[in-house]
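Down below is the structure, laid out as structure tokens.
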2 protein chains.
Amino acid sequence: MDESKHRPPKSKASSSPVPKAVVSRLSLYLRELQHHVREGQETTNSGQLGAQLGFTDAQVRKDLAYFGQFGYPGIGYRCDELIKKIRIILGTDVQWPVALIGVGNLGRALLGYKGFRHQGFRIAAAFDANPKMIGRTIEEVAVSDLANLSEIVQTHNIKLGLLAVPAEAAQTAADQLVAVGIEGILNFAPVTISLPEHVSQVGIDLAIELEQLSFAVLKQRPAAD
Amino acid sequence: MDESKHRPPKSKASSSPVPKAVVSRLSLYLRELQHHVREGQETTNSGQLGAQLGFTDAQVRKDLAYFGQFGYPGIGYRCDELIKKIRIILGTDVQWPVALIGVGNLGRALLGYKGFRHQGFRIAAAFDANPKMIGRTIEEVAVSDLANLSEIVQTHNIKLGLLAVPAEAAQTAADQLVAVGIEGILNFAPVTISLPEHVSQVGIDLAIELEQLSFAVLKQRPAAD
DNA sequence: TAGATTGTTAATCGATTAACAATC
DNA sequence: TAGATTGTTAATCGATTAACAATC
């Protein structure tokens, strides 16, 4: 049976899938626009926005075009307006309650990180396997037993999880998060974790980022030292 | 004058520039290989390595081919051997002393992070603007005044910097790092910083990573909640 | 030898850039 | 109106995948 015979004609409705790179640039545009507003700038344009981030003007316009028409020909973009639009696209026009798993070194830093709030995230609950941690309150967030994960995730309607546990514990913890209905995991553990298709994942491996830097530095001076 | 007439014939020597995406996958291969070794696996192959990370076998082989021939037809790759090769490529076959700027929440977590050491990095010095922090020792690293940056960077032969200061202070601190000869900066501040061409930069913006997750989760359930 | 898997070339696919009519 | 800048299409560029001879 020839599948192609049964494909619906390409319609505008089946909106082209948005490349991941576009979405990450969207976040950069947002950050830059917020900076503009703090500086008192009311409008900007694709040329300026791109130059500051090292992209071409065409790329900025193309990226935004995936989601709609936000600019004014001859003028550019109104910062506050575009900020609102991008936040709606990213889903951060409303605040997401987030669960933190693991309150070790890194977990506690995340609890204290002030940058989340303004961008639409709030750590609503924290968990740890260590009995000595359970019951403590850090940065006004109580540390709970993982046994209570399901209940707390439900009451706070939590969809996102920050995974800040040791590498050996990461997959198990991730499985627990999936089991209680978490839909997205930001994984700080330096291991690959497997998740079902419907659960999104972003990984941050601090050592890997330093490796990228190491390579870049080495490349600069081909045969040095 | 026709430049093309004077181009040297393409030689293997003028190695094609390596795409950034290739290098970041290289780090993932390394992490996976190290995991294999911990599990007692001696060899692997492009199919296995790719499957675990969600890449095709062809991609794995192509990526590695940028740097040389590391495999054995019919066999695959010897894990310990490939690990060594990748570390040399990334530059982490030797340990890099790193400077940390800012010992707030995040900076202290970085000081305590155990994952750096095994991958070839060591925080050799820490700095802060806050007089109350200067003189303290955290995780066996003394916190120094930024006034001593130049001297300490030189004595430890530090090339890489971790920038964990507030957004407002990031550009100034980056300028100071550049001034003392730092060649690469891992920037945790949620702002775009401008650096001279010869200084490499990698940025980690925690809120942006969560935004990517938010978007991905939203996409999963088109019109929900 | 037969089976497996590499390294590499060619084909495909997707993303970026250039160009320009439309518009403020 | 003239000047600036958008949104969008077509052209270019680069990255991924498929295919396969070479090799263990």
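Every chain is numbered from 1 and lettered A, B, ... according to where its sequence line falls, protein lines coming before strand lines. Only heavy atoms go into these numbers, but all of them, side chains included; no hydrogens, no water, no symmetry mates.
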Margin query: Using five pairs at each end of the helix from C/dG3-D/dC24 to C/dC24-D/dG3 to define an axis, what is the angle between those two axes, to 10°?
Written below: 20°
Notebook entry, point to check: Between D/dT16, C/dT16, C/dC24, which one does the side chain of B/Ala21 approach most closely?
Noted result: D/dT16
Item checked: Ring-face cation contact, A/Tyr72 with A/Arg78, 6.0 Å cut, 45° max -> yes
Check: Counting just side-chain N and O atoms, does B/Arg61 come under 4.0 Å of either OP1 or OP2 of C/dT6?
Finding: yes
Note to self: Less than 4.0 angstrom between a side-chain N/O of B/Tyr77 and OP1 or OP2 of C/dG7, yes or no?
What the structure shows: yes
Checklist line | Phosphate-side-chain proximity, B/Gln69 and C/dG7, N/O vs OP1/OP2 below 4.0 Å | finding: no
Next item on the list: Can you figure out which of D/dT5, D/dT17, D/dT8 approaches the side chain of B/Thr56 most closely?
Entry: D/dT17
Next item on the list: Please tell me which of the listed nucleotides, C/dT6, D/dT5, C/dT8, lies nearest to the side chain of A/Asn45?
Entry: D/dT5
Next item on the list: Return the value, rounded to whole Å, for the distance between atom CZ of B/Arg78 and atom P of C/dT5.
Entry: 14 Å
Checklist line | Nearest-nucleotide 5' precedence on DNA chain C, B/Gly68 against A/Val22 | finding: B/Gly68
Next item on the list: Identify whether the distance between the nearest side-chain nitrogen and carboxylate oxygen of A/Asp205 and B/Arg31 falls below 4.0 Å.
Entry: yes
Notebook entry, point to check: Nearest-Å distance, CD (B/Gln59) to C1' (D/dA19)?
Noted result: 16 Å
